[in-house]
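Here's the structure, in structure tokens; my notes come after.
These values consider heavy atoms only, across backbone and side chains, with no hydrogens, waters or symmetry-generated copies.
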Amino acid sequence: MVTKLTGIVIALIGIAMLYMGGKLLLLGGSPFYVIMALGLLFIAVALVMKKRIALTACAALLWITLFWMIYEVGFDKWQWIPRGDILGLVGVWLAMPWVVRPLTGRKYHPLLGSTLIVIVAVVIGLMFYDPLPQEGTIGNARQSADDVGAHNDWTAYGGTNSGLRFSALNQINRENVKDLQVAWTYHTGDLRQGDDASEYTFEATPLKVNNTLYFCTPHNEVHALVPETGALKWKYVPEKDRSYLQQHQTCRGVSYYEAPTEQAPAATEPAICRKRIFNATTDAKLIALDADTGKRCADFGTDGIVDLRANMGEIRPHALMQTAAPLVAGNLVIVGGSVMDNGFNSGNPSGVIRAYDVQSGRLVWNFDPANPEHTQPVTADQRYPYDTPVAWGTLSADMKNGLVYVPFGNASPDELGIERDASSNTEKFRDALVALDLKTGAFKWRFQSANHDLWDRDNPSQPSLLDIDYQGVRQPVVVLPTKTGNLFVLNRLTGQPVYPIKQVPVSTDGVAGEKFAATQPVSSLNFLPEPLSEKSMWGITPFDQMACRIDFKSLRYDGNPWTPSTEQGSIVFPGNIGVFNWGSVAIDPERQILVASPVRLAYKYTLIKRTPVTATKRMFTQDGQPYWNENFHGDYAIHIQQLASSLGIPCIAPPWGRMVGVDLKSGKTEWLRRIGTTKNLNTSFLPGRFPIGFPMGMVAHGGPLMTAGDLVFHGATADNFFRAYDVNSGKLLWQTELGAGAQATPSTWLGNDGKQYVVIAAGGHGSLGTKLGDSVVAFRLK
């Protein structure tokens with residue numbers, strides 16, 4: 001009876017595999033699943049007929065499958081899982097005495113038993129082997145540098161306006177980081193509610209300045225804490241406009257200004273905010289707060305508020321927002337902006353860069369991509385042109401040379417260019433890093449990181465400024481990470497490439513009327529993901545892997561990151577989350593070391609033709625969710641979804657997240673590691689969160705922090721962990737599990753108690769599905 005029932009179950013598995021394997025084969029895919037299915041059906045029939053050849057056939061099929069796995073993916077244990085797990089379970093079951101004895105009269109089958117022993121031994125061996133990591137050591141000596149970080153404080157979003165995410169503190173170092181412990185935990189109380197945006201994220205990097213820790217929450221509350229204890233000094237709570245239509249509900253940081261002593265009011269005059277905290281909000285306001293009390297600065301704008309909707313014309317609800325920390329440089333506070341992507345084909349808010357006086361809120365200059373020569377402030381009755389590129393990331397400033405660096409992205413709609421004017425100024429500033437004169441906003445130079453962007457390849461990262469000795473020549477550079485995976489290294493005074501850049505030919509055929517660039521720039525320092533193939537598809541069983549293989553064979557993919565979107569569906573790899581995003585990179589300017597956490601995720605882009613009938617019709621997915629890329633009145637709407645199986649698991653094999661260490665003197669990647677585990681992963685195939693931490697390499701959304709203790713601190717991964725790595729080798733030195741996802745960039749400072757602290761916001765990320773929370777956690781040595 002056992003053998004017969006076993007045969008029926010194996011037959012059902014074989015039939016299902018034959019069906020899916022046949023579909024794959026008809027698409028020109030691998031024939032192996034058909035071969036495996038036929039083998040399983042043969043075994044099933046033999047079992048029902050009680051023939052001992054079933055056991056021999058199973059052993060043979062196991063050996064064939066083993067050699068096939070090695071042929072396809074080498075000795076990558078994670079990629080063995082979907083190829084061999086079900087057949088392995090079948091083999092183990094058939095080797096059990098209750099199956100073997102009725103067929104052979106013995107307790108075990110020598111061939112099948114020995115085959116399983118060999119396979120189990122190989123699998124156990126693979127548990128201690130990983131073909132991915134690139135071992136190496138960065139030996140650059142520590143030397144003095146002009147701008148080595150925030151020293152005792154963390155005074156700006158990236159540590160300083162150079163955007164390096166580096167601190168010269170070294171009390172916590174490679175030898176003692178294992179002794180880190182929680183110093184305090186603070187809860188903001190600002191939690192997501194039902195009406196809030198799905199992309200609700202606590203991504204703030206706290207500032208430590210003025211003997212106070214400052215940060216903002218997703219609803220633009222500003223909290224000021226005692227740095228050594230986490231006790232609340234004050235908080236500013238604006239009115240909350242909760243709406244699921246808000247595309248991004250986040251605030252990544254606030255900025256600080258302190259007037260020079262000679263500018264302080266006389267003793268007989270009331271002091272008005274000599275020290276200020278600036279917060280740019282998701283409802284498009286720039287707010288100045290007294291850094292000591294949290295009260296609005298009455299002399300700034302109108303009762304402490306500058307309305308960033310001014311001169312923008314008609315703005316649709318939630319179409320204009322601020323998510324990045326404003327840049328305070330000298331006596332100016334400078335902001336870019338963010339718009340609702342792909343909602344409408346036209347009438348989207350301007351991407352103008354505006355500089356305001358830190359005291360009065362008076363507009364000092366504006367750089368409008370449509371009119372780059374006219375930087376004098378517009379008059380009250382003028383309007384900035386619609387539909388220009390936006391800079392939604394954080395800006396950087398070279399105070400010594402008086403330059404501001406603006407990482408412009410695309411203009412909405414991001415994935416369509418049919419109606420773009422190639423000769424316009426707007427087109428010239430898409431995906432361009434632009435250097436402006438700090439005092440006047442005058443244009444200095446630009447570098448375009450993508451040509452005619454049709455994939456949402458914004459420049460999301462804060463540019464990093466330092467001097468490097470590349471090939472023996474010292475140069476002032478700006479490092480620009482991009483969504484494509486390029487790290488462009490340019491002379492920051494001229495915009496000329498320091499690391500070589502080549503233009504590679506790409507596809508130029510797609511939907512009718514679209515204009516495609518013939519080439520795209522690729523830096524010699526890049527983390528463009530390796531091209532996908534059918535073998536790259538993954539899953540946890542042969543069935544979801546076959547589904548991914550079928551998807552791969554059915555969709556258009558040109559083998560590079562610039563595959564055009566189509567109505568039939570295209571694979572875009574990397575997708576719009578990018579290889580690098582707002583977390584940027586961390587750089588030690590003394591040792592000239594760069595550390596980054598590149599992401600590997602593929603997406604499916606599908607164009608949906610708009611007609612006069614459907615021009616304003618809202619479109620929904622099969623589960624009733626609205627598309628966020630509707631492009632009303634445009635030629636096409638676009639559906640963007642991760643290339644994943646029905647189980648919600650990425651179709652591409654892990655790692656999905658890595659960490660790399662680069663020697664900037666040579667441009668060589670010295671080490672590479674997987675980061676993150678599967679623990680706490682939000683899964684659709686299991687109730688709750690995945691309980692086991694398999695070290696596959698998880699998506700990381702947030703930036704690293706580097707210190708002179710030769711450490712890299714990093715949260716960001718989708719597993720709620722906060723970790724410290726050896727910057728020289730990438731070796732994991734310390735980790736702790738937090739109560740929520742830490743999709744944020746940490747900061748560090750020296751307290752008045754003489755102890756170095758490291759702090760990170762742990763509030764989760766709505767789109768990534770990490771656990772939500774409201775905590776800020778600080779660590780110090782025991």
Side-chain angles (χ1 to χ4, degrees), residues 324 336-339 341-342 348 350-353 367-370 372 387-396 404-436 443-464 478-490 495-497 501-504 506-507 514-523 525-528 560-565 572 574-582 584-585 603 605 638 640:
S338 181
V339 302
D341 288 331
N342 309 310
N348 300 292
S350 167
V352 62
I353 307 300
F367 180 84
D368 173 12
D387 304 313
T388 55
V390 297
W392 58 264
T394 302
L395 316 185
S396 301
V404 175
Y405 298 91
V406 181
F408 276 111
N410 208 339
S412 185
D414 297 282
E415 293 88 6
L416 294 162
I418 294 174
E419 298 182 21
R420 295 180 194 171
D421 180 359
S423 63
S424 69
N425 283 326
T426 294
E427 186 73 4
K428 296 175 184 176
F429 288 101
R430 290 181 191 270
D431 296 351
L433 177 64
V434 177
L436 305 176
F443 171 77
K444 293 297 185 180
W445 58 259
R446 69 179 174 89
F447 170 81
Q448 208 147 15
S449 61
N451 301 327
H452 194 66
D453 178 9
L454 299 172
W455 304 271
D456 192 8
R457 294 280 164 70
D458 293 334
N459 289 320
S461 300
Q462 182 183 27
S464 299
V478 53
V479 179
L480 179 69
T482 72
K483 284 187 177 181
T484 311
N486 282 305
L487 286 165
F488 292 109
V489 182
L490 313 171
Q496 294 301 306
I501 298 170
K502 62 180 179 180
Q503 295 284 337
V504 299
V506 296
S507 306
E514 188 60 274
K515 301 172 281 288
F516 297 94
T519 64
Q520 292 291 342
V522 175
S523 171
L525 176 57
N526 73 77
F527 294 93
L528 275 69
N560 62 57
W562 303 282
T563 301
S565 302
V572 176
N576 61 340
I577 193 175
V579 174
F580 300 110
N581 208 281
W582 56 265
S584 195
V585 299
Y603 282 74
Y605 286 32
I638 184 165
I640 299 177

For a quick check under 3.5 Å, do Asn451 and Gln503 share a side-chain donor-acceptor pair by atom type? yes

Looking at [Y], is its backbone amide N or carbonyl O close enough to the side chain of [X] to form a donor-acceptor pair, meaning the two atoms are under 3.5 Å apart?
X	Y	value
Thr388	Ser350	no
Asp368	Ala370	yes
Thr519	Val504	no
Asn342	Asp414	yes
Ser507	Thr563	no
Gln448	Arg430	yes

Quick one: are [X] and [Y] in side-chain contact, heavy atoms under 4.5 Å?
X	Y	result
Val506	Phe516	no
Thr426	Asp421	no
Val478	Ser396	no
Leu454	Arg420	yes
Glu427	His452	yes

Tell me if the NZ atom of Lys515 is crowded by more than 12 foreign heavy atoms within 6.0 Å. yes

Quick one: closest heavy-atom pair of [X] and [Y], and the distance?
X	Y	result
Asp458	Asn410	OD1-N, 2.7 Å
Leu436	Lys444	C-CG, 4.1 Å
Gly575	Tyr603	CA-CD1, 3.5 Å
Ser584	Pro481	OG-CG, 3.8 Å
Leu490	Pro497	CD2-CA, 3.8 Å
Pro389	Gly409	CB-O, 3.4 Å

Distance check, rounded to the nearest 0.5 Å: [X] atom [atom1] versus [Y] atom [atom2]?
X	Y	atom1	atom2	answer
Asp456	Tyr605	CG	OH	6.0 Å
Leu433	Phe408	CG	CZ	10.0 Å
Glu415	Trp455	CD	CH2	10.5 Å
Asn459	Asp453	CG	CG	9.0 Å
Asn526	Lys502	CG	NZ	8.5 Å
Ser565	Leu416	OG	CG	7.5 Å

Going through the checks in order, is the side chain to side chain contact (heavy atoms under 4.5 Å, CB included) test met by Ile353 and Leu395? CA-CA 10 Å; Ile353 307 300; Leu395 316 185; 4.2 Å; yes

Identify, with sequence neighbours excluded, every residue that meets side chain to side chain contact (heavy atoms under 4.5 Å, CB included) alongside Thr484. Arg457, Thr482, Asn486, Leu528, Pro561, Trp562

Qualifying residues under side chain to side chain contact (heavy atoms under 4.5 Å, CB included), relative to Pro372, sequence neighbours excluded: Phe367, Asn425, Phe429

On the 0 to 90° scale, with breaks at 30° and 60°, tag the Trp445-Tyr405 ring pair as parallel, tilted or perpendicular. tilted

